[in-house]
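All remarks here apply to the structure that follows.
These numbers come from a predicted model, not from an experiment. Each chain gets a letter, A, B and so on, in the order its sequence line appears, and its residues count up from 1.
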Amino acid sequence: MITQEIEYHAPPSLVDVIALLDDEDRHVELLAGGMSLVPTMTLGLAHPEVLISLKRVPDLSYTRLFGDDLCIGAATTHAEITASAEVLDNVPVLAECASLIGDVQIRNRGTLGGSLAHADPAANYPPLALALGASMVIRSAAGERVVRAADFFEGVMQTAVAHGDVLTEVRIPVPESGEGAAYREFVRVEGNFALVNACAVVSSINWAGRVALGGIASVPVSVGLAGLVDAGILDTHGLDAAVDEMTLGAFADINGSVEYKRSLARTFARRAVDAAIGRAARTKDEQ
Amino acid sequence: MGPQAKPSLIGARVQRTEDPRFLRGDTRYVGDLQLPGMASVAFLRSSTAHGRILSIEGIPEALALAGVHRVMTGDELAERCAPIVVPWETFLEYHACEQPPIAIDTVRFVGEILAAVVADDRYVAEDALELLYADIDPLPAVTDPLAAMEPGAPQLHANIPRNTNYRGHFANPAIERVIEGATHAVSMRVRMNRHTALPMEGLAVLAFYDPGTENLTLWSSTQMPHMVRSKLAEWLDYPENRIRVIAPDVGGGFGQKANVQPEELILAALSLDLRRPLKWVEDRQESLVSSYQAKEEVVDCTLAFDGSGKITGLKARFIGDGGAYSAYPWSPSAEPLMASATVQGPYVVPVADTEGVCVHTSKATCSVYRGVGQPAGTYAMEHTLDMAAHAMGIDPAELRRRNMIGADAFPYTTFLGGVYDSGQPIATMELALETIGYGAFRAEQAAQREAGRFIGIGQGSMMELTTFGYNEMKNIGWGQRVSAYETAQVTVDPSGGVTLRAGTQNHGQGHETTYAQLAASVLGCELDRVTVETGDTSASPYGWGTWGSRSAVAGGGAILHACEHVRDKAKRVAAHLLEASVQDIDYEAGVAFVRGTPDRALTLADIAQAAIVRGDVPDEEDPTLDEIHTYKPPSPYAQATHVAIVEVDIETGEVELLRYVVAEDCGQMINPTIVEGQIHGGVAQGIGGVLYEHLRYDDDGQFLTGSLMDYLVPTANEVPPIEIKHLVTRSPVSKGGIKGMGEGGAVAPLAAIANAVADALVPVCGWQPIDTLPITPEYVLRHIEANATDASDPNKEIS
């Protein structure tokens, strides 16, 4: 249970949120869906003194196309993403990924921005953000900046969202024609975090692409597929070697040894890439 | 026109009458109860596995916090409450330890209570816990039961050398000769995982000492309210007739709540001290770290066979890891004892030598959990049988067929002298095999293997000791503490309504429905005219609660008898009212009438009005329709075969259940829907035990699985549809032909699923025993890696 006294705010605007974040003395946390922060608090692992809820801030929950990007408000829930026509039509792999998060209750409350800012190493979105080249829009008193996924994840539960920042939007480039993408994960019991997850994107035009892995290291890791896919055929040994190289930082925990996690990484990288190739090939056939 | 004979409700698929209130949330659990002036209790629990308690610091600071009323340590509690101890005079070797409900001097597991805090609410109480600090001088911990038995191991209790609290050897000196002379003999060792019942509702206690009446009332989420009352009286030295224990709605127990809990004693003592109501509701972390755990064993099993594949001998040893203390009334020895006593299963075993050993370790105390030892015993027999089948080149089902007890051999005396009352194990197994399509499976398996998929089939056949009857309990010696009779009181009110009271304690089994079915069948009334009251020591006759698959036989038998007495009394009163001879009275469908003249019929309500309100009864009768009957139940055996088909992903090691079939025979069913619900729940818990659930400690005794993110429990997504078939062999020894069946669902899944996994892996690494549970994906990969090189299967092909 949560034992400490907490000061709670639910300001009506982003400006007010940012003003409240300007508190050097106390531990301040932003509260979105609460699906990670609140359990962490009940387990006594986080002790914020001030909670700022985003629930009354308008215009943080949306999915819309802007230019070449699919733009998603940070407070959009996993359930909304799963059901969004813009997502399903343009970046269906995001809906696939969101639909596998937790359980119905968690998907109804948990948000895209909350999950990315929390940056659990085993969360669903980080490898997807990395593979698809997403960008994160961050607001602070100093203004707005855009951080690419490759620069966003800094460590276990550490991101480019710094003191005084609010993550407001995620931008995902809409895949070009001929691209296929897939998300695969290994969970033991439905609703739990993945031991390892993978997101791959492959182009059937030039067979270039990228596969990213989560759950294996403190931050998501990825590797380009150039030279590993030829005419829709994956060089599995080549990919295994590439995955082995990028999973040298794997850590053991109660879910498995380093050796086992690295073997899962190889398997799920292959499965994600194979699925992405299949989808890319179908996209090609349709044209 | 006579009364229409109604079909008996015994055996009918009646919908559970208690479900509407559960589904609507109109239930009342201990957590829902509020009393004026009620305060909350929270516990300081040890984060050290083993050590000397030097002091509890911070008590003045905690007491200074607004809303904190009391901090109680072990020394203070000792002035009010004796330690928990489980005395047992037995022909077997046994040593009882003492457990102060709050630790004194020494702490022996992570999660043990060091102090109790009373405060206005749980928030304040937990704030106070943050101010307390236990200064503990650590001692070496011992977490492995085999290591704990070694000389020089840290000794946890001064009176228990080598930490060995129980050793029961059912010796047969002929066994070594039988094994030496066998045509085939196979042996295996398996480490069974420690897991836990995890009821949806954890423990919860509300203690209320009323200074006016000097009555102590304890609401507790328990399976055994009368026993709790008796032990409160004894250990608190308080008059038992001034104590009332009430178990309101209870959200599951599975054996974990069939023990006296330290928290019950602490809250009662504190309430007596503070003279106000006090509540504690266990949270999920406490439920995992400190509530009674179960089932950790190291199992060795050897089976010997003659040239025709008949079993000639069985040797088995079960070493139970009992954890730190001994839970009343079972002691942790229940697990290895039951395994060693039931390992024979449904097979003819000419010579058996079995042993159970129980060892204290620096981990939470183990007690009883659904099946108690029978899953381990069944695993030992069934997995070793599969090992033998592969070694001898005999189909596993055929090997069982050759060794199962024939239906004509019942009643059958086991190697221990117990009696299997009835059954038809071979027909049950054949029904399960036919249902799953065993004959066609091997071709399907080969075709799938061609397609790169690895599927396997496995079975687990069992005899389920149910009810733990009056004589059985005496024989085991448990009868010294739990004599296990059952009493029912059946009261007809002036309107003809029927109230049943029994000493069993419904905590999810559907007794409100099934007991009413029994009464309505005997008394011929409508189901909704029957009310069932259990779980309140002031309302129910003294009884032994619900555990050990006992309520249908023990409680049900007592109810059937008492209802028959009421029916007989109603006939006598009716004879008096109708001026006829009792011999001429028929009682059908709830009305009594003179045989041949059904138009002069009296309903149960008519008879009740006459007897209870007008006193219009024969002179020698009391003007009541109220009967009480005490039943000393037998121990009928149910039996079942479970068959699982699994697919193993040999890249990840993941095991997926594709199909699960149960063919079972629990005698006369009261309500097949409830029987099936019990099987569903049991199988789900068995799946959890064999594939997912594992309470883990590191070598220092630190607890590693304190949340449901780390302690994996199967969800509806991991449990396949369970296909159930029934056979009915009525018990010749129990009232109504009923057998218990509450635990059986959880007994066989471990064996069936492990056998299926081993079968699926034959093409990868030959048949090798699954020697560590749970079967995690990583275990599967290591198992393949360890055995792939020396696989003996000639058909071996590595993909």
Relative to chain B, which of Asn192(A), Val196(A), Asp253(A), Asn255(A) shows the most heavy atom pairs under 4.5 Å?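 Answer, by heavy-atom pair count under 4.5 Å with chain B: Asn192(A).
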Who wins among Phe186(A), Phe268(A), Phe193(A) for the most heavy-atom pairs under 4.5 Å with chain B?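 Sorted descending by pairs with chain B, the first entry is Phe186(A).
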[atom1]/[X] to [atom2]/[Y] distance, rounded to the nearest 0.5 angstrom?
| X | Y | atom1 | atom2 | answer |
| --- | --- | --- | --- | --- |
| Leu43(A) | Gln285(B) | CG | CD | 5.5 Å |
| Asp283(B) | Thr42(A) | CG | OG1 | 9.5 Å |
| Glu778(B) | Leu195(A) | CD | CG | 9.0 Å |
| Ile254(A) | Leu704(B) | CD1 | CG | 5.0 Å |
| Glu259(A) | Leu781(B) | CD | CG | 9.0 Å |

So, Arg188(A) side chain and Leu691(B) main chain: donor-acceptor pair closer than 3.5 Å or not?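 Looks like yes, one N/O pair under 3.5 Å.
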Between Pro714(B) and Val189(A), is any pair of side-chain heavy atoms under 4.5 Å apart?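 No, too far: nothing below the 4.5 Å cut-off.
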Under 4.5 Å heavy-atom distance to chain B, tell me which part of Leu264(A) shows up: side chain, backbone, both or neither.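 For Leu264(A), the contact with chain B is made by the side chain alone.
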Should we count CZ of Arg70(B) as having more than 12 external heavy atoms under 6.0 Å?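 Yes.
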Met157(A), CE atom: more than 12 neighbouring heavy atoms under 6.0 Å: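 Yes, CE of Met157(A) has more than 12 neighbouring heavy atoms, counting only those of other groups under 6.0 Å.
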Compare every heavy atom of Thr652(B) with every heavy atom of Tyr260(A), then report the nearest pair and how far apart it is.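 In this case the closest contact between Tyr260(A) and Thr652(B) is OH-O, 2.6 Å.
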Using non-hydrogen atoms only, which part of Leu129(B) is less than 4.5 Å away from chain A: side chain, backbone, both, or neither?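 Neither part; nothing is under 4.5 Å.
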Measuring heavy-atom distances to chain A, does Val124(B) have an atom under 4.5 Å in its side chain, in its backbone, in both, or in neither?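 Contact with chain A is absent: no heavy atom of Val124(B) under 4.5 Å.
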What pairs of residues pass the salt bridge (Lys or Arg N to Asp or Glu O under 4.0 Å) test when at least one of them lies in residues 683-707 of chain B, not counting sequence neighbours?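 Listed by first then second residue: nothing to list.
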Do NZ/NE/NH1/NH2 and the carboxylate oxygens of Glu651(B) and Arg270(A) come within less than 4.0 Å?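 Counted as a salt bridge, because a side-chain N and a carboxylate O are separated by less than 4.0 Å.
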Based on non-hydrogen pairs under 4.5 Å, which of Ser707(B), Ala716(B), Pro777(B) is most in contact with chain A?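 Highest number of heavy-atom pairs under 4.5 Å: Pro777(B).
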Between Ser257(A) and Arg782(B): side-chain donor-acceptor atoms closer than 3.5 Å: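 Per modelled atom types, Ser257(A) and Arg782(B) side chains form a pair under 3.5 Å.
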